[in-house]
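Can you keep this structure in mind? I'll have questions shortly.
In what follows, chains carry the letters A, B, and so on, assigned in the order in which the sequence lines appear, proteins first and then strands, with residues in each chain numbered from 1. Side chains are part of it too, since the values below use all heavy atoms of this structure and drop only hydrogens, waters and symmetry mates.
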Amino acid sequence: MKRYKPKDVEPKWQDIWDATGVYTTNLQSSKPKYVAMSMFNYPSGNLHIGHAMNFTISDVKARFKRQQGFESYHPVGWDSFGLPAENRAIKVGKSPQESMAELIPEYRKAYKAMGWSNDWEKEIASHLPEYYKWTQWIFAQMHRSGLAYQDSRMQWWCELDNSVLANEQVIDGRCWRHDGPDDPLVQKKEVKQWFFKITDYADELLESIDGLDWTDSVKLAQKNWIGRSVGAEITFKITDSEQSLSVFTTRPDTLYGVTFMVMAPEHELVRSIFTEDQSAAVQAYIVATQKKSELERQTEKTKTGVFTGAYAINPINGEKIPIWIADYVLAGYGTGAIMAVPAHDERDEEFAVMANLPIIQVVDDNNALINSAGFDGQNANEAREAIVGQLVTTDQAISKINYKMRDWSVSRQRYWGAPIPIIHCAKCGPVLVPDTELPVILPELDDFKPTGDGRSALARAKDWLAVECPECGGPAERETDTLDTYICSSWYMYRYLDPRNQAEIFDKAIVQKWEPIDFYNGGDHATAHLLYARFIGHFFKNIGLVDEPEPFKQFLFNGKVTAADGTMFSKSKGNGIDPLEIINQGYGADALRMFLMFAAPLDTWAKWDPQGVPATYRFISRIWNLVQEYVATEPAPASSDQAKELLRVTHQMIKKVTEDIEGNRYNTAISAGMSAINELYKLKVQALGRNDAWQQALEAVVACMAPFAPHASEELWFDLGHHSSVHVDTWPKFEAKYLVQDTIKIAVQVNGKLRGQIEIAANETEENVIATAQSNERVRAHTEGHDILNTIYIPGKIVNIVAR
RNA sequence: GCGGAUGUGGUGAAAUGGUAGACACGCUGGCUUUAGGAGCCAGUGCCGCAAGGCGUGAAGGUUCAAGUCCUUUCAUCCGCACCA
């Protein structure tokens, strides 16, 4: 008998699949479409177990749909620009280009070894000019739409990367790439940056979250990230000064309760307003704040601050109120200054107590205004508009909606990215490179380390740098910043649908047919990437490129794989699991894939169990051996009882597996397959012969397990007599009629406690069921001598006898 | 602090308000001349010889019936973190 040897079976089918193109998607197909994909990969090292988890999840989904008759597409590509790749290149002393040329083919081999059903004809890589031409084009479109602008900002600066960092790349005060305890804290540095005005889309992005079929925690994280709050910006004049101070508040109704103002120490107005006698204290406080780490500022329980010596005028009543600086007010949120209402804000109250400042209550327990002059007695909620309305007439306030989310910084002072298609001309200012001259090719350099003066290595490429201004023809210089790689990854799902188009970013008709992505999954980027991709989708919709603004219909935020002790695998600990090693040990990709999908629900973090892959290997062997035994046996009709039982087992499994894969419950889908095999083994002991019932049962098991174990299933499918792939149009159809049974087993409870089990005809009347239940010996032992008060019969399930 | 999630055998985990622990690991026993990451069968929540009793973090409640619904509480994990 042919034994199960993955080392023979898997490479064989991988080659055949390549040669026959089973996974090549026909984008013009008349079949219904389906796209399942995982977040594409940074080629920065080896394939690790986390990749194996992510890509297997989407592969199973794509395979399932392909078997169900969909034109199913499981795309593949590389997120090949960016810091990790550049850092690795610097480390190994090769250019990032060379490094990619070596890494990507290795990944391709690994992907094939995992048995993922990728369409390699449509492979993309974000570092190739044919791709980044369109990344640059998107920048140009943003620019033309007024959504790209340049501004000087204090930015987080990592001195190891010599680059600015986005807020989301700063973790606990450290750079996301250098977050070890010995790594330096990030600094603030003023840098001229390009931004995308994602804040213009804040409302749109917020409103459409609810309609998404996404993991709830991610939807919530995005809502919080956008952080919309409705209020007003109110202007306070500063005494003895031409300047004024603007604050954002959600509570204009408490304006009469303002007893002091607080500015962030970093606020630019601070320098020009503090008085001579407060100078030393203010300067000292600013220095002290700079020295504090983010972590220290966060964990400090008590409020600190310093009086500036300056005063502001409350626009509603002309009161003179002191202006303080304190580090509990953040420079980056709102206007960087607040009106303090200690009676109605905990933090302001703490501060007032510390600084011995007055506290005036202006809203009573019934939410009515008090101590508020002409507004007294009004409901606080209603008074908000009235107060703002009054100030608006004198230009001292405007209604405003504020967002926590800030504009997207898209500049990077690094080499390994798409050059920003801008030319700086002394006469014309920053000018877009004409679309006809895209892509702006990233020049190859010998030294691609940052210059360290804040500019990327591109500043050294003198020939590349000097150009004519597209507008006036005068001498000009190219922009040396490159684009944030989050731009590359925010539109790649569209390029997957038309990867070789040289004339336009993609063919609108193809994208219209194939959008949105039906299934997307990953274990990271709840806010950054997933928000940026949605932003680009909405932008594309608004400029008429797509019909559907939301790129991903369904998103599954899947769990990761941890070591057996629950800690993360990491390179530094050296406890990683190498998927290829597991495969090469002889267990094969099928067993590995199946274990990863079986170990835990997809949204739960799975623990690596060294016994896990052998277990799924055993399961696949059991299917394998049964099929081999079957095909070697003689034709013989099944008894009608056995045929009936075979079909019942088969269709029960089909139903469960189909529903569970559809609902992303892969672990229970696999256990349904295991249960079916266990039952088939028992039936085999009675009789095994080649006949329709056995054939149908075995085909169903093979087809239903094919998404998880594609290689073994393919081999067995052919062994069962087929001549074309199990992976296309083979999903068995569930038929309820096979589950109908003549007799059923019913549990009997007395007072809610299980006391017995009875077997009854499936269509037995309630009266007879209850009579049978009451006559059951074990039930009688608990009812005799008691009055029966009530009986409940849930058809097909349970009888409960209530006795006293 | 705020928000979210999760607490079930020795372990990973199953359970539309209806027989808790499917499936798998591990363990125990049996069978088979078994060179194999062996296979097959049976058993395996806890206490108890048994009858039976007890069991889903804890305490209450609703219900004929609660892992599931409600209240309180504890623990763990995740996200955000002085958001004006």
- Using atom P of each nucleotide, how far apart are B:A20 and B:G45 to the nearest Å?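 The same atom, P, in both gives a distance of 14 Å.
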- Short side-chain N/O contact from A:Q749 to OP1 or OP2 of B:A65, under 4.0 Å: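 Result: no.
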- Using heavy atoms and a sub-4.0 Å distance, could you list which residues of residues 656-667 of chain A are near RNA chain B? By number, please.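 Listed by number, they are A:N667.
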- Item | N/O (side chain, A:Y403) to phosphate O (OP1/OP2, B:C83) under 4.0 Å |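 Looking at the OP1 and OP2 atoms of B:C83, neither is under 4.0 Å from any side-chain N or O of A:Y403.
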- Task: May I ask you to verify if any side-chain N or O of A:R347 is less than 4.0 angstrom from the OP1 or OP2 atom of B:G1?
- Result: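 Answer is no, no contact under 4.0 Å.
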- Message: Could you report the tightest heavy-atom contact between A:A589 and A:H711, atom names first, then the distance?
- Response: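 Shortest heavy-atom separation between A:A589 and A:H711 comes out as CB-CE1, 4.1 Å.
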- Query: Do the side-chain N or O atoms of A:N224 get closer than 4.0 angstrom to the phosphate oxygens (OP1, OP2) of B:A81?
  - Reply: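 For B:A81, OP1/OP2 do not have a side-chain N/O of A:N224 under 4.0 Å.
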- Say whether, by atom type as modelled, one donor and one acceptor occur between the side chain of A:D407 and the main chain of A:T199 under 3.5 angstrom.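 Between the backbone of A:T199 and the side chain of A:D407 there is a qualifying donor-acceptor contact (under 3.5 Å).
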- Message: For A:Y328, does the six-membered ring have the charged nitrogen or CZ of A:K303 within the cation-pi criterion, i.e. under 6.0 angstrom from the centroid and within 45° of the normal?
- Response: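 Yes - A:K303 lies over the ring of A:Y328, closer than 6.0 Å to its centre and within 45° of its axis.
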- How is A:E346 classified with respect to the nucleic acid when contacts are heavy atoms under 4.0 Å: base, sugar-phosphate, or nothing?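 The residue A:E346 makes no contact with any strand.
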- Query: Is there a side-chain polar atom (N or O) of A:R622 under 4.0 Å from OP1 or OP2 of B:C41?
  - Reply: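 For B:C41, OP1 or OP2 has a side-chain N or O of A:R622 closer than 4.0 Å.
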- Message: Under 3.5 Å, is there any donor-acceptor pair linking the side chain of A:K753 to the base of B:U19?
- Response: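 Flag unset: no donor-acceptor pair detected.
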- Does A:N224 offer a backbone N or O that forms a donor-acceptor pair with the side chain of A:K404 under 3.5 Å?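 Flag set: sc A:K404 to bb A:N224 pair under 3.5 Å.
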- Message: Just the rounded figure in Å: distance from P of B:U34 to CZ of A:R3.
- Response: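 It works out to 13 Å between those atoms.
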- Distance-only, no hydrogens or angles: does the A:E10 side chain make a donor-acceptor pair with backbone N or O of A:D590 under 3.5 Å?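 Side chain of A:E10 to backbone of A:D590: a pair is present.
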- Do A:K682 and B:C41 share a donor-acceptor pair, side chain to base, under 3.5 Å?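 When only heavy-atom distances are counted, A:K682 does not reach the base of B:C41 through any donor-acceptor pair under 3.5 Å.
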